[in-house]
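To start, the structure itself, in structure tokens.
Because only heavy atoms are used, hydrogens play no part in the values below, and waters and symmetry mates are left out as well, while side chains stay in. Proteins get letters first, then strands, A, B, ... in listed order; numbering begins at 1 in each.
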2 protein chains.
Amino acid sequence: MPDETTEAAWTRLMRAQGAAISHVEAALKDAGLPPLAWYDVLLEVERAGKAGIRAIDLQQKLLLPQYGISRLLSKIEAAGYISRQSSTEDGRSQEIVITAAGRQLRRRMWAVYGPAIEQAVGSKLTASERETLAGLLEKLTSPRADA
Amino acid sequence: MPDETTEAAWTRLMRAQGAAISHVEAALKDAGLPPLAWYDVLLEVERAGKAGIRAIDLQQKLLLPQYGISRLLSKIEAAGYISRQSSTEDGRSQEIVITAAGRQLRRRMWAVYGPAIEQAVGSKLTASERETLAGLLEKLTSPRADA
DNA sequence: AAAAAATACATGCAATTGCATTGACATTCA
DNA sequence: TGAATGTCAATGCAATTGCATGTATTTTTT
């Protein structure tokens, strides 16, 4: 059974993330922009450049279920922000590339997303606190110690 | 625009919470138990004792949307773990009380939930790190500084 | 006291998500 | 090589969620 400090850290982790993401999603919605997940996709696809990125790589980077990525890409493609073309090297997979409109949308989203993060996280902690926090959270994601 | 430490803290907060909650939800599901939200409800209702607790108070404690609570309570009630009786003091509201089966379920869930938290959080950090983490996360949830 | 506003909760409907399966191609193995 | 297995992605269907609204009750206003 976990001790008190573990319970406290767990609870606050849930609350803090919930509050922070609600704030950011609400800011995007208020600005008439798509949800955060679209930003994550656009950013990765833009970073991948001309070569594009495969859906499965996106899936691993964003930690979404396979069908989640599949449907998310369908919507973003339908909206004209990315294009999917099946790979010449591997017939099963596809290269996803960002469009000009996609780059523009990502920028417009960042104009809202950035300040929202600043408000939810940046303004609440000092720089050194933010570093400490990032470091501790990083440890939580690290591979299991045991078995 | 947020600086690097803010971005890092934000990203790791999202990842760490996502990983931690996935781990816990999976543990519950593997054990054939209901989702975490049920535990939160059962715990609050159990704490409220004989007097019970109103749906709206639960809503505020758990930070769920009104319709979320309404439907969650319907399911838990249908499963026999709580009972709802409309309040004598306020005809609009209801007193929610835990049943014996509910208390038992909460205990069974804790037997899985506790160790899962321990694994996801407790085992990754020292006691003092956990305290530091909890403290920093607490600050994130604190009321806005500005406006 | 009657009317208006606010509060507590439920619910119809559309959109999203999760699960399981399928289809298409690629790789491995006998 | 051809059969079995593995990988990448899409999708039908059921369950869940979000939004807007509805119903009932209480509180406030005039």
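Between A/A55 and A/K29, the one whose closest nucleotide on DNA chain D sits nearer the 5' end is A/A55. Closest-nucleotide positions on DNA chain C for B/D90 and A/R71 were compared, and the one nearer the 5' end corresponds to B/D90. Comparing A/I69 and B/K75 along DNA chain D, the residue whose closest nucleotide (by nearest heavy atom) sits nearer the 5' end is A/I69.
The nearest pair of heavy atoms linking B/H23 to B/A120 is ND1-CB, 3.8 Å. Residues B/Y81 and B/I98 approach most closely at O-CG1, 3.5 Å, considering heavy atoms.
The CD atom of B/Q60 sits 12 Å away from the C1' atom of C/dT7 (whole-angstrom rounding). For the pair A/R54 CZ and C/dC25 C1', the interatomic distance rounds to 13 Å; values are reported in whole Å. Whole-Å rounding puts the A/Q94 CD to C/dG23 C1' distance at 14 Å. In this structure, CG of B/L73 is placed 13 Å from P of C/dT11, rounded to the nearest angstrom. Nucleotide C/dC9 holds its P atom 12 Å from the CD1 atom of B/I82, rounded to whole Å.
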Original post:
Would B/I21 and A/M14 satisfy side-chain contact (heavy atoms from CB on, under 4.5 Å), going step by step from the backbone distance to the final call?
Top reply: CA-CA 8 Å; B/I21 201 156; A/M14 296 300 123; 3.7 Å; yes
Return all side-chain donor-acceptor pairs below 3.5 angstrom for residues 56-70 of chain B, not counting sequence neighbours, or 'none' if the list is empty.
from	atom 1	to	atom 2	distance (Å)
B/D57	OD1	B/R54	NH2	3.4
B/D57	OD2	B/R54	NE	3.2

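As judged by a 4.0 angstrom heavy-atom cut-off over every strand, A/S70 is placed among the base-contacting residues.
Here the CG-CZ distance, from A/L42 to A/R107, works out to 11.5 Å after rounding to the nearest 0.5 Å. Interatomic distance, B/L43 CG to B/R106 CZ, rounded to the nearest 0.5 Å: 5.5 Å. Atom CD in A/E46 sits 10.0 Å away from atom OG1 in A/T99 (nearest 0.5 Å).
For B/Q66 against C/dA10, a side-chain N or O and a base N or O form a donor-acceptor pair under 3.5 Å.
Atom CD of B/E89 has 12 or fewer neighbouring heavy atoms from other residues, nucleotides or ligands inside a 6.0 Å radius.
Follow the hydrophobic side-chain contacts under 4.5 Å out from B/V97 and you never reach B/I82; the two are in separate clusters.
One axis for each end of the helix from C/dA1-D/dT30 to C/dA30-D/dT1, each built from five base pairs, and the angle between them comes to 20° at 10° resolution.
Once you apply a 4.0 Å limit to the heavy atoms of chain A, the touched nucleotides of DNA chain D run 5' to 3' over D/dG6 to D/dC19.
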